[in-house]
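These notes are about the structure you will find just below.
Heavy atoms only: backbone and side chains are in, while hydrogens, waters and symmetry mates are out.
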Amino acid sequence: KGVAWVNSLFEDNAENGYGLYLGQKAVRDSLKKKVEAIAETTECEATKAACQGWLDTFDDGEKNGTATEALVKALEECGCEAGAEILEKKDYLNKKSIWIFGGDGWAYDIGYGGLDHVLASGADVNVFVFNTEVYSNTGGQASKSSPHAAVAKFAAAGKRTKKKDLGMMAMSYGYVYVAQVAMSDPAQVLKAMTEAEAYHGPSLIIGYSPCEMHSIKGGMTNCQTEM
């Protein structure tokens with residue numbers, strides 16, 4: 001249990017996170033079949049109840065952890081061969097929370113194709129975009145996430161085109177959870193992340209993240225006020 005972290009290339013974090021999701025899903029689906037078999041054949045009522053409790057919460061991230069602990073305990077006490085096979089991969093039993101993090105340069109531009117593919121897949125993954133509204137890593141040029149009339153490198157007179165509406169594009173699928181947040185309201189950020197995790201399907205959270213390229217009056221200590 002705990003947090004696992006992996007870094008990927010700048011342009012492919014959506015695909016990388018999706019691959020991790022598919023890998024653990026394949027293992028869990030295999031384990032599910034084995035648990036179902038034990039639930040159908042075991043004569044031990046405690047083991048049957050533990051198996052059924054785990055199966056009933058298979059896609060419930062909040063409840064499946066407790067059900068997994070009960071299942072592991074029951075299988076250890078059972079000592080059967082089928083249970084031993086499951087226990088070999090017990091780290092995969094509880095439902096995993098998959099989060100894909102990236103900046104707006106990735107999500108709106110260089111990695112948008114991959115992001116769109118992952119959101120369209122219907123997979124139960126969560127995406128959090130840190131939106132600075134400029135290309136922060138390369139000196140603050142205007143990007144597709146820069147709002148209309150924003151002043152930035154190569155847009156000294158103000159950006160001529162409107163901001164790409166990533167949230168609305170994701171919403172057009174009809175099955176993607178979408179939220180826009182800012183840390184000026186921490187409760188709303190936590191509420192959005194909790195709802196995204198609970199939603200059984202793809203989720204997209206766009207977080208407004210001012211950077212030093214915004215030239216905020218008084219410096220970065222005033223980020224909350226800017227938000």
(message) Could you go through Lys32 and Phe58, starting from their C-alpha distance and side-chain angles, then the distance that decides it, and tell me whether this counts as side chain to side chain contact (heavy atoms under 4.5 Å, CB included)?
(response) CA-CA 8 Å; Lys32 184 178 182 181; Phe58 185 77; 4.0 Å; yes

(message) One thing to verify: whether Lys25 and Asp29 come together as a salt bridge, which I'm taking to mean a side-chain N less than 4.0 angstrom from a carboxylate O.
(response) yes

(request) Check each of Val176, Val178, Asn13, Leu119 against Val127 using the side chain to side chain contact (heavy atoms under 4.5 Å, CB included) test, and report the only one that passes. (result) Leu119

(request) Look at the side chain of Glu133 and the backbone N and O of Asp104, then say whether any donor-acceptor pair between them is shorter than 3.5 Å. (result) no

(request) Can you measure from CG (Asp60) to OG1 (Thr66) and round to the nearest 0.5 angstrom? (result) 10.0 Å

(message) Tell me whether Glu36 at atom CD has more than 12 heavy atoms from other residues, nucleotides or ligands lying less than 6.0 Å away.
(response) yes

(message) Quick check for you: to the nearest 0.5 Å, what is the distance between Leu166 atom CG and Asn131 atom CG?
(response) 8.5 Å

(message) Would you compute the distance between atom CG of Leu75 and atom NZ of Lys73 and round it to the nearest 0.5 angstrom?
(response) 12.5 Å

(message) Is it true that Tyr173 and Asp116 share a donor-acceptor pair across their side chains at a distance under 3.5 Å?
(response) yes

(message) With clusters defined by side-chain heavy atoms of hydrophobic residues (ILVMFWY) lying less than 4.5 Å apart, directly or transitively, does Val27 cluster with Ile38?
(response) yes

(request) Could you state whether Ile206 and Ile110 fall into the same hydrophobic cluster, counting links through intermediate Ile, Leu, Val, Met, Phe, Trp or Tyr residues with side-chain heavy atoms under 4.5 angstrom apart? (result) yes

(request) Give a yes or no on this: more than 12 heavy atoms of other residues, nucleotides or ligands lie within 6.0 Å of atom OH of Tyr92. (result) no

(message) Can you give me the closest heavy-atom contact between Tyr175 and Ala120, atom names plus distance?
(response) OH-O, 2.7 Å

(request) Check the pair Val125 / Ser203 against side chain to side chain contact (heavy atoms under 4.5 Å, CB included), numbers first and verdict last. (result) CA-CA 6 Å; Val125 298; Ser203 301; over 6 Å; no

(request) Locate the shortest heavy-atom distance separating Ser97 from Asn126; write the atom from each residue and the value. (result) OG-ND2, 4.2 Å

(message) So that I can tick it off, tell me whether Lys191 and Glu195 are bridged by a salt bridge, with the cut-off set at under 4.0 angstrom between side-chain N and carboxylate O.
(response) yes

(message) If I take atom OG from residue Ser30 and atom NZ from residue Lys89, how far apart are they, to the nearest 0.5 angstrom?
(response) 6.0 Å

(message) On the six-membered ring of Tyr112, is Lys164 placed so that its NZ or CZ lies under 6.0 angstrom from the centre and within 45° of the ring axis?
(response) yes

(message) I need the minimum non-hydrogen distance between Ser209 and Gly207, along with the two atoms involved.
(response) OG-O, 3.0 Å

(request) Assess Lys96 against Tyr21: is NZ or CZ under 6.0 Å from the centre of the six-membered ring, and within 45 degrees of the ring's axis? (result) no

(request) Please work out whether the ring planes of Phe130 and Phe128 are parallel, tilted or perpendicular, with thresholds of 30° and 60°. (result) tilted

(request) Rounded to the nearest 0.5 Å, what's the gap from CE on Met171 to OH on Tyr177? Could you check? (result) 11.0 Å

(message) Walk me through whether Trp106 and Val129 qualify under side chain to side chain contact (heavy atoms under 4.5 Å, CB included).
(response) CA-CA 9 Å; Trp106 155 70; Val129 178; 4.2 Å; yes

(request) Grab the two heavy atoms, one from Tyr199 and one from Pro202, that are nearest each other, plus how far apart they are. (result) CE2-O, 3.5 Å

(request) Apply salt bridge (charged side-chain N to carboxylate O under 4.0 Å, His left out) to Lys48 and Glu40, showing your working. (result) CA-CA 8 Å; Lys48 183 184 290 291; Glu40 293 176 0; over 6 Å; no

(message) Do Thr68 and Asn94 pair up side chain to side chain, a donor and an acceptor below 3.5 Å, judged on atom types alone?
(response) no

(message) On a heavy-atom basis, which atom in Thr57 and which in Ala67 lie closest, and how many Å separate them?
(response) OG1-CB, 3.3 Å

(request) Report the distance from atom CD1 of Ile86 to atom NZ of Lys90, rounding to the nearest 0.5 Å. (result) 13.0 Å

(message) Quick check: closest heavy atoms across Leu93 and Asn64, and the distance to 0.1 Å?
(response) O-OD1, 3.4 Å

(message) I'd like to know if Asp124 pairs up with Lys95 as an ion pair, taking the criterion as any Lys NZ or Arg NE/NH1/NH2 lying under 4.0 Å from an Asp or Glu carboxylate oxygen.
(response) yes

(request) Ignoring hydrogens and angles, tell me if any N or O in the side chain of Asp165 forms a donor-acceptor pair with the backbone of Met168 under 3.5 Å. (result) yes

(message) Hydrophobic clustering (ILVMFWY, side-chain heavy atoms < 4.5 Å, transitive) - are Trp99 and Met183 grouped together?
(response) yes

(message) I'd like to know if Leu22 and Leu20 are part of one continuous hydrophobic network [Ile/Leu/Val/Met/Phe/Trp/Tyr, side-chain heavy atoms within less than 4.5 Å].
(response) no

(request) Determine whether Met169 and Ile100 fall in the same hydrophobic cluster, where Ile, Leu, Val, Met, Phe, Trp and Tyr are linked whenever their side-chain heavy atoms lie under 4.5 Å apart. (result) yes

(message) Using only atom types and a distance under 3.5 Å, with no angle test, would you say the side chain of Thr41 pairs donor to acceptor with the backbone of Ala37?
(response) yes

